[in-house]
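No experiment lies behind these values; they were computed from the predicted model shown. These values consider heavy atoms only, across backbone and side chains, with no hydrogens, waters or symmetry-generated copies.
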Amino acid sequence: MTTFHVTELRIGQAVPFGPDGALSAIDKHKVDGPVRAEKLGLDGDQQGDRKRHGGPDKAIHAYAVSHMPDWAAELPHRAARFSPGAFGENLVLDGITEADLCLGDLWRVGGALLEVSQGRQPCWKLNLRFDLPDMARRVQDTGRSGWYFRVSEPGIIAAGDHGRLIKRRHPDWSVARVSHLLYHDRMNRAALAGLAALPGLPDNWRRLAAARLSSGQTEDWSRRIDTRSR
């Protein structure tokens with residue numbers, strides 16, 4: 001897959017979210033008209049937890065609109081919630097999924113040059129967003145997580161733009177493959193070593209792979225994905 005279509009752009013403001021009032025900007029609203037993509041994301045967009053969200057490696061979150069019918073079919077009692085923006089994405093994309101992008105890919109989207117930096121690691125806020133206590137785990141298990149772009153060259157992006165693949169640096173490392181390694185084939189030492197050595201990999205993922213290789217164990221996910229354990 002060497003092209004995709006931007007169907008919507010969305011931005012959000014950090015507001016109290018959930019029973020304890022933790023700040024979140026997961027509720028992102030559709031933008032009419034073009035938006036400038038800068039090194040830290042789309043103009044006007046915010047993140048509530050800057051320790052875990054945002055920054056150059058997580059500047060823009062993208063999600064495949066083609067996943068929505070699958071979610072609705074699997075969770076019919078929540079079907080109405082599975083519409084563009086449901087996962088707090090900035091870019092709603094058609095014609096591409098996690099299987100079609102690789103870490104380090106450079107994509108020209110409108111006037112911006114975007115680089116695929118990592119897949120999304122789902123957190124407990126999705127449990128509250130969908131009113132399902134295991135939604136974050138479902139996202140993790142299915143690999144329908146979305147992914148993040150770095151902004152290699154700032155520029156204007158608008159709904160209707162097409163993404164065009166400029167360079168594929170690591171063709172063996174699709175976002176889907178990395179997700180399978182992290183959450184299913186978790187102690188594949190050869191693959192973990194390859195991931196840890198990948199140029200441009202975010203530091204937190206490099207540390208994760210190195211820690212598994214050192215300890216021989218998978219890290220504890222509970223604080224990230226279980227609402228009661230955050």
Side-chain angles (χ1 to χ4, degrees), residues 1-12 25-37 41-45 58-76 78-122 126 129-130 135 138-171 173-180:
M1 189 69 64
T2 57
T3 62
F4 58 74
H5 178 237
V6 180
T7 64
E8 291 184 10
L9 274 71
R10 290 178 166 264
I11 62 174
I26 195 171
D27 187 20
K28 298 193 184 297
H29 299 277
K30 181 179 176 181
V31 178
D32 294 321
V35 178
R36 185 170 178 81
L42 298 181
D43 278 355
D45 192 43
K58 298 179 180 179
I60 295 176
H61 179 229
Y63 200 80
V65 73
S66 62
H67 289 330
M68 299 303 182
D70 295 325
W71 285 119
E74 292 169 14
L75 298 164
R78 294 289 186 274
R81 303 193 184 201
F82 295 112
S83 59
F87 290 85
E89 63 268 33
N90 299 115
L91 299 183
V92 180
L93 301 184
D94 193 16
I96 201 161
T97 72
E98 292 82 357
D100 303 312
L101 303 103
C102 297
L103 299 186
D105 276 2
L106 289 174
W107 292 82
R108 177 66 66 183
V109 186
L113 185 64
L114 307 183
E115 178 187 358
V116 178
S117 55
Q118 64 184 82
R120 179 187 189 169
Q121 289 185 292
L126 291 175
R129 178 120 171 117
F130 292 96
M135 188 63 191
R138 287 173 182 266
V139 171
Q140 180 168 291
D141 288 348
T142 62
R144 300 195 294 256
S145 61
W147 59 92
Y148 288 102
F149 286 114
R150 297 185 183 106
V151 180
S152 294
E153 293 178 7
I156 300 295
I157 302 176
D161 284 344
H162 285 81
R164 180 169 56 90
L165 182 63
I166 301 300
K167 186 174 184 179
R168 175 148 289 169
R169 294 163 167 157
H170 310 303
W173 288 98
S174 70
V175 174
R177 181 194 175 190
V178 176
S179 177
H180 183 75

Any [X] side-chain heavy atom under 4.5 Å of [Y] side chain:
X	Y	answer
Val109	Val6	yes
Phe87	Met135	yes
Leu91	Leu9	yes
Ile156	Val35	no
Asp161	Phe4	no

- Query: Judged by atom type as modelled, is there a donor-acceptor pair below 3.5 Å linking the side chain of Arg150 to the main-chain atoms of Lys58?
  - Reply: no
- Item | Donor-acceptor contact below 3.5 Å, side chain Ser179 vs main chain Val175 | no
Can you name the nearest heavy-atom pair linking [X] to [Y], along with the distance?
X	Y	result
Ser83	Ala80	OG-O, 4.4 Å
Ala72	Ala79	CB-CB, 3.9 Å
Leu93	Ala62	CD1-CB, 3.8 Å
Leu103	Ser117	CD2-O, 3.7 Å
Cys102	Pro171	SG-O, 3.6 Å

Can you sort out the partners of [X] under side chain to side chain contact (heavy atoms under 4.5 Å, CB included), two or more places apart, ordered by chain and number?
X	value
Ser145	Glu98, Arg120, Val139
Ser152	Leu106, Leu113, Glu115
Thr7	His5, Val92, Asp94
Arg164	Arg108, Ile166

Spacing of [atom1] belonging to [X] relative to [atom2] belonging to [Y], to within rounding of 0.5 Å:
X	Y	atom1	atom2	value
His61	Ile26	NE2	CD1	9.0 Å
Arg144	Thr97	CZ	OG1	10.5 Å
Leu75	Arg81	CG	CZ	11.0 Å
Trp147	Glu89	CH2	CD	9.5 Å
Ser174	His180	OG	NE2	10.5 Å
Asn90	Leu42	CG	CG	5.0 Å

- Listed by chain and number, what are the salt bridge (Lys or Arg N to Asp or Glu O under 4.0 Å) partners of Glu8, not counting sequence neighbours? Arg10
- Message: Restricting to ring-ring contact (aromatic ring centres under 6.0 Å, His included), what partner residues turn up for His29, sequence neighbours left out?
- Response: none
- Kindly write out the residues that satisfy ring-ring contact (aromatic ring centres under 6.0 Å, His included) with His170, not counting sequence neighbours, or none if the list is empty. none
Residues in side chain to side chain donor-acceptor pair (under 3.5 Å) contact with [X], at least two apart in sequence or another chain:
X	answer
Arg129	none
Trp107	Asp105
Gln140	Arg224
Trp71	Tyr63

- Apply side-chain contact (heavy atoms from CB on, under 4.5 Å) to the pair Leu114 and Tyr148, showing each step before the final yes or no. CA-CA 9 Å; Leu114 307 183; Tyr148 288 102; over 6 Å; no
- Could you name each residue pair satisfying salt bridge (charged side-chain N to carboxylate O under 4.0 Å, His left out) that touches residues 61-73, not counting sequence neighbours? none
